[in-house]
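Some notes on the structure that comes next.
Each chain gets a letter, A, B and so on, in the order its sequence line appears, and its residues count up from 1. Worth saying up front: this structure is predicted, and the values here are computed from it rather than measured.
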Amino acid sequence: MPELPEVEVTRLSFADRVAGARIKAVSVGKPLRWPLGCPPRQLVGQRVLAVRRRGKYLLIDLSDGLMLIHLGMSGSVSFGDDFPALGKHDHFEMVTSLGTLRLNDPRRFGAVVYARGESDPVAHKLLGRLGVEPLSEAFDPAAFHQALKLRKTAIKQVLLGGEAVVGVGNIYASEALFLAGIRPTTKASRISKPRAALLHRAIQLVLTQAIAKGGSTLRDFSNAHGEVGHFQLEAMVYDRTGLPCRVCATPIKSLRQGQRSTFYCVSCQKP
DNA sequence: CACGGATCCTGATGGC
DNA sequence: TGCCATCAGGATCCGT
């Protein structure tokens, strides 16, 4: 589920409330994608300093080291005071002086990983190859165009790859390409500089709007308060196969690229 | 080495 | 309280 907007919405929903908390207890459930990397009790007594985001990772700065949380396909974080007993899919829980953080993740593609610092090999392995942040100053149209020129594959695949830009997943890749008027199957290297600039802007626009709408909730996403997102209600193409394009009424088409569904309008999006 | 495909796991959905 | 196939917001690993 979670792409950059959902991760950012999650971060915003509990970062302020957890900052300054003292960790009182940590427990883990069934194995996630990667092991925690330290005994849970090593975290007890530490202070939570801040919650940041890098790509689709939440970074929780501790007084000694940091935790990296990835939500995978089906993960969600909740933070509160009055929780029922751990559920079947609650696989990580951290009780603090300011509330309890839980990760619920049915498919267990997510992870919670402890690292001693961002230069720790464990952290570097996960964060080291990530591309530029799309909502930062470093995301530059000219540089983006240069990055695309190096890639021979379809632009949709390049966006998902996370090397040219991070945080764009399956929903927002289709949406951004629609806004930019670019066919998802177009080879990245063939995209002109002006069209790369359009796509650059479209990515920023789509992600910013999605964050403002609280993210997308297709099946199970919610922020740390349990509130769902609404972006999907105004998706232009995602999951709209056969429905009329919101711009030109041509039926939306779908195809598979790298085992993922892609949605587009043949009329509005040119190769 | 760049690319495509299989893979991890559980649950929902729809056809038969 | 049927069974089976397919699909789901991610990302790594492994062939070619």
Item to complete: With sequence neighbours left out, write down each residue that passes side-chain contact (heavy atoms from CB on, under 4.5 Å) with Tyr57(A), or none if nothing qualifies.
Response: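 Trp34(A), Leu59(A), Leu68(A), His70(A), Leu126(A), Leu127(A), Leu130(A).
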
Worksheet item: Given the rule that I, L, V, M, F, W and Y join up when any side-chain heavy atoms are under 4.5 Å apart, are Leu71(A) and Phe14(A) in one cluster?
Response: yes

Tell me: [atom1] of [X] to [atom2] of [N], nearest whole Å?
X	N	atom1	atom2	result
His89(A)	dA8(C)	NE2	C1'	14 Å
Lys156(A)	dG9(C)	NZ	C1'	11 Å
Asp105(A)	dG9(C)	CG	C1'	12 Å

Worksheet item: What side chain to side chain donor-acceptor pair (under 3.5 Å) pairs are there with at least one residue in residues 142-152 of chain A, not counting sequence neighbours?
Response: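 Listed by first then second residue: nothing to list.
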
Worksheet item: If you look only at pairs with a residue in residues 120-136 of chain A, which of them pass as a side chain to side chain donor-acceptor pair (under 3.5 Å), with sequence neighbours excluded?
Response: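 Every side chain to side chain donor-acceptor pair (under 3.5 Å) pair that includes a residue of residues 120-136 of chain A, provided the two are not neighbours, is Arg53(A)-Glu133(A), Arg54(A)-Glu133(A), Arg129(A)-Glu163(A).
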
Worksheet item: With no hydrogens and no angle check, do the side chains of Thr96(A) and Arg22(A) hold a donor and an acceptor under 3.5 Å apart?
Response: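 Arg22(A) and Thr96(A) do not have a side-chain donor-acceptor pair below 3.5 Å.
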
Item to complete: Could you tell me whether the side chains of Gln204(A) and Arg201(A) share a donor-acceptor contact shorter than 3.5 Å?
Response: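 Gln204(A) vs Arg201(A): donor-acceptor pair found between side chains.
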
Discussion item. Return a single string for nucleotides 11-16 of chain C, one symbol per nucleotide in 5' to 3' order, where B is base contact, S is sugar-phosphate-only contact and - is none, cutoff 4.0 angstrom on heavy atoms.
Written reply: BSS---

What distance, rounded to whole Å, do you find between the two [atom1] atoms, one in [N] and one in [M]?
N	M	atom1	answer
dG5(B)	dC7(C)	P	14 Å
dA6(B)	dT6(C)	P	13 Å
dC3(C)	dC9(B)	P	23 Å

Worksheet entry | Thr250(A) vs Cys268(A), side chain to side chain contact (heavy atoms under 4.5 Å, CB included): CA-CA, chis, key distance, verdict | CA-CA 9 Å; Thr250(A) 302; Cys268(A) 294; over 6 Å; no

Worksheet item: Counting any heavy atom closer than 4.0 Å, what does Arg256(A) reach on the DNA or RNA strands: base, sugar-phosphate only, or nothing?
Response: sugar-phosphate

Worksheet item: Do other residues, nucleotides or ligands put more than 12 heavy atoms under 6.0 Å from Arg116(A) CZ?
Response: no

Worksheet item: Parallel, tilted or perpendicular: which describes the rings of Phe139(A) and Phe144(A), with under 30° parallel and over 60° perpendicular?
Response: perpendicular

Practice prompt. Keeping the roles fixed (side chain from Arg183(A), backbone from Val266(A)), state whether a donor-acceptor pair exists under 3.5 Å.
Written response: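 Yes; judged by distance alone, with no hydrogens or angles, the pair exists.
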
Discussion item. Keeping Arg190(A) on the side-chain end and Thr186(A) on the backbone end, is there a donor-acceptor pair under 3.5 Å?
Written reply: no

Practice prompt. Quick one: stems involving DNA chain C, counted as three or more successive Watson-Crick or G-U pairs, both distances short of 3.5 Å.
Written response: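 Stems (3+ consecutive pairs) listed as B:2-8 with C:10-16, B:10-16 with C:2-8.
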
Discussion item. Going 5' to 3' along DNA chain B, between which two nucleotides do contacts with chain A fall, using a heavy-atom cut-off of 4.0 Å?
Written reply: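 Listing 5' to 3', DNA chain B meets chain A from dC3(B) to dA12(B).
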
Discussion item. When you measure from the side-chain N and O atoms of Ser261(A) to the phosphate of dA8(C), is any distance below 4.0 Å, counting only OP1 and OP2?
Written reply: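 Answer is yes, contact under 4.0 Å.
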
